[in-house]
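Here the structure is laid out as structure tokens; the discussion comes afterwards.
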Protein chains: 2
Amino acid sequence: MFEARLKSFFEDAGDGTPSARVVRLLRERGTLSATEIARLTGLAKSTVSMTLAELRRSDIVIEKASSETGRGASVGRPATALMLNPKVGTCVGVLFGLEAIQLIVADVSHRVISDRKVQIEPDYSPAEAAALTRRLIDEAYEEHGLAPEGRLGVGVAVAGPINPVDGRVLRASGVPTWAGTDIRATFGPVLKSPIFADNESNCAAIAEMMWGAAIGVEDFVFFKIDLGVGGAIVNRGHVVRGIAGSAGEFGHMMIDPAGPLCRCGNRGCLELYASARTALADTERRLGRPFDMDGLVALARGGDEPSRRQIAEMGEAAGKGLAIIGTAINPALVVLGGRMPLAGDMLLGPLSESFERHTLVKRAEIAPEARTRFVPGVFTDNDACLGAVGLVLRHHGRPG
Amino acid sequence: MFEARLKSFFEDAGDGTPSARVVRLLRERGTLSATEIARLTGLAKSTVSMTLAELRRSDIVIEKASSETGRGASVGRPATALMLNPKVGTCVGVLFGLEAIQLIVADVSHRVISDRKVQIEPDYSPAEAAALTRRLIDEAYEEHGLAPEGRLGVGVAVAGPINPVDGRVLRASGVPTWAGTDIRATFGPVLKSPIFADNESNCAAIAEMMWGAAIGVEDFVFFKIDLGVGGAIVNRGHVVRGIAGSAGEFGHMMIDPAGPLCRCGNRGCLELYASARTALADTERRLGRPFDMDGLVALARGGDEPSRRQIAEMGEAAGKGLAIIGTAINPALVVLGGRMPLAGDMLLGPLSESFERHTLVKRAEIAPEARTRFVPGVFTDNDACLGAVGLVLRHHGRPG
DNA sequence: CCGTATTTGTTCTATGATGAACTTATTAAG
DNA sequence: CTTAATAAGTTCATCATAGAACAAATACGG
């Protein structure tokens, strides 16, 4: 029932009418009060009030149950929390990982309705991915009684940079068979939805910005330490994509011209030193059985010196890379994502020490509020998939 | 006569009234047609028309002499070029260099009225700088019959990062005696004007964006190769300053942990390999007489192998640094500033070759329009000082 | 328990930005 | 030389937006 009207809001780019701006803001933020909406849109309180009256009458905007409302301990009349009516629409986020596909369905009030992960044969093709995704989406919508017509879009997180103008995968470092794929053309007809595609690290950064460790922070760097090293740059609240879509590929910054060959073809990439891949291979060789990151961390926690040293060396290298990034970009915040930061101080101690040693402006030289803060990410495993949902909720223009 | 009215436009932050927006846009851009103003402000043609009628009646906006108007070879009624009345106000830009102060006075129509440079004893203090600047400004205003009350602000370009919140110099790599100086507090009372301060590389980037090689480009990196190496990042048309103001300090990205000690205290900074300082010192030692960059380039042009090799090595190192920046930021454009790019292909050949070798995404892999373009800067010696004028013309909020 | 301070949210009217239709100024084509 | 096409700039009635004043809902201090 909402589709026709909402579609007009949803497609409205630019500043648009107050209604469109209010709906867009609620889509981005989830829950807000009328006063916050006025402040964030720059509209007058009176305009927002009128607009909200109309939107509430047509049931597009509803009040959040007061029990869920954050208990404001401040004086003054308490704000009524508003959100989009969940029935107004649903968003899908998909992450195409190395050997698994994760799919999250959420409604426009930011509530996650379904979250599942299925294994898939490595080196699967985009077409296979599209077919499987279609099945997963249909199953999820069926299971939860959701109307397919209410689907506002599908966000796609891919393990490689995507050209922001033509929407093609540049080089999928994680899934090489995807190079050159036109995501919109491949997935649009199969999924019968507007498609919003982005790199998985960019998606993860969006998740941290919308719901995680970077809420309210407009300038930060997301730095992922996992099997590989990746990242994203957020400036003034926008993900920096770069002219070819490859911004934030921190793992392939060259830090030693004489270093070993990287899978990207260059030598001495940061990833070779700061990711878990090398350490895992070493450990497997040393102990004669396969290891994942949890296993490596457990081993180190158990007191195994070689793995402790390896994790420390990863931190040391990551800190060096972050010092280079910090010198160039000087972000307010670094969010450390991926699974390795779960190792805690074993990794983060050497990391911050190394950062401090290699950075231009030393901690002691500047006021505390001018220092780059380091925090672990809130999401570890489903950051990219959540961010793909965020892509749909946040989009301001046409699908892309 | 204009001061009172203009001040209200000038101080108006945020979106403001149509008049304020039109005046601000003209201040930033210099010359525009009514239609361009409508497009750039997002206001309706009718609104712009009414606003301009008012502004022209009060002589704040005037027509540019048609002879100067760019001969548009297109069909349709030709646009009338509009600009702010030069009498409306003047802006000053000052650059505090190692051993010279440069001062440019311009009016709000973007015409340079005075441009001069005076030598000063190295290691001069901020107070001395303020006193001398005061004298230079008074002389220039006297000489050209300008009213001091019409001065809208003084832009200050400093050879070191400036904390964007408190306006203090972090560490003046070029002029170390300035560390900790509060620019506004030091210069404001002496110059009796609003002060707008920024790092010299940020200023240079602004000059290239407003009048130089980056006109119309919203995402670019400015990379200076001179006695030192510096730079700036522009994203979505805004200079990225960073939380402490030290963004863009490319010269101190660490590229070799085992490298020699840098004047910043760290080891193996890019500047040690990519700036002219080392090469000049070597050449001076080798030939037993002092050299500047022009001399080094002339020597190399004359066929001197050692200096050719040194310039090529500088290019090689700069390309390596730019590859790191490109991998992290992936800008649409790199503007090469400073005096070394005047060496031409001797430097730029090895530079782009090295960039290509060390970068993640290779030229051949992407569409031409997705490639990072390299261009030399339009200004070499007065980029920073012009940019300081631009700081005043462009400012959107309070002095800072 | 009650008034004061404080913040949220609504009502109403004057204003001012807008869009549609129009005029003006030019190039290109017949 | 006339007409069509194109783009710039203007005029004016209309309606959406904003500002000020007001109403509602809470905390706090005495």
Side-chain angles (χ1 to χ4, degrees), chain A residues 8-9 12-26 29 31-58 60-83, chain B residues 8-9 12-26 29 31-58 60-83:
Chain A
S8 73
F9 293 135
D12 208 346
D15 272 8
T17 68
S19 299
R21 294 174 67 174
V22 169
V23 170
R24 203 169 58 207
L25 192 67
L26 281 170
R29 305 281 186 131
T31 301
L32 291 169
S33 72
T35 306
E36 289 172 310
I37 291 172
R39 188 172 45 82
L40 291 167
T41 55
L43 294 165
K45 279 198 305 177
S46 51
T47 310
V48 171
S49 182
M50 281 173 54
T51 307
L52 282 173
E54 171 61 30
L55 289 169
R56 292 170 81 161
R57 205 170 319 122
S58 46
I60 291 175
V61 167
I62 60 174
E63 280 188 25
K64 196 160 193 173
S66 57
S67 63
E68 303 176 47
T69 307
R71 295 309 315 143
S74 63
V75 300
R77 174 175 170 175
T80 51
L82 300 167
M83 62 184 198
Chain B
S8 74
F9 294 136
D12 208 346
D15 273 9
T17 68
S19 300
R21 292 173 69 174
V22 168
V23 170
R24 203 169 56 208
L25 192 68
L26 281 169
R29 304 282 187 129
T31 301
L32 291 169
S33 71
T35 306
E36 289 172 309
I37 292 172
R39 188 172 44 82
L40 291 167
T41 55
L43 293 165
K45 279 200 304 178
S46 51
T47 310
V48 172
S49 182
M50 281 174 51
T51 307
L52 283 173
E54 171 61 29
L55 289 170
R56 292 169 80 161
R57 204 169 322 122
S58 45
I60 290 174
V61 168
I62 60 173
E63 281 188 25
K64 196 160 192 173
S66 57
S67 63
E68 304 176 45
T69 307
R71 295 307 317 143
S74 63
V75 300
R77 175 175 170 176
T80 50
L82 300 167
M83 62 184 200

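Convention: sequence-line order gives letters A, B, ...; per-chain numbering from 1. Here the structure is a predicted model, which is why all the values come from computation and not from measurement.
- The CD-C1' distance, from A:E63 to D:dA25, rounds to 13 Å in whole Å.
- The side chain to side chain donor-acceptor pair (under 3.5 Å) check on A:T35 picks up nothing, with sequence neighbours excluded.
- Remark: B:R56 engages B:E63 in a side chain to side chain donor-acceptor pair (under 3.5 Å) (not counting sequence neighbours).
- Annotation: side chain to side chain donor-acceptor pair (under 3.5 Å) contacts of B:T47 (sequence neighbours excluded): none.
- By the side chain to side chain donor-acceptor pair (under 3.5 Å) test, A:R77 pairs with no residue at all, sequence neighbours left out.
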Do any side-chain atoms of residues 36-44 of chain B form donor-acceptor pairs under 3.5 angstrom with protein atoms, and if so which ones, sequence neighbours left out?
{"residue": "B:E36", "atom": "OE1", "partner": "B:S33", "partner atom": "N", "Å": "2.8"}
{"residue": "B:E36", "atom": "OE1", "partner": "B:S33", "partner atom": "OG", "Å": "3.3"}
{"residue": "B:T41", "atom": "OG1", "partner": "B:I37", "partner atom": "O", "Å": "2.7"}
{"residue": "B:T41", "atom": "OG1", "partner": "B:A38", "partner atom": "O", "Å": "3.4"}
{"residue": "B:T41", "atom": "OG1", "partner": "B:L43", "partner atom": "N", "Å": "3.2"}

Going 5' to 3' through nucleotides 8-19 of chain C, assign each nucleotide B (protein heavy atom under 4.0 Å from a base atom), S (under 4.0 Å only from sugar-phosphate atoms) or - (no protein heavy atom that close).
BBBBB----SBB

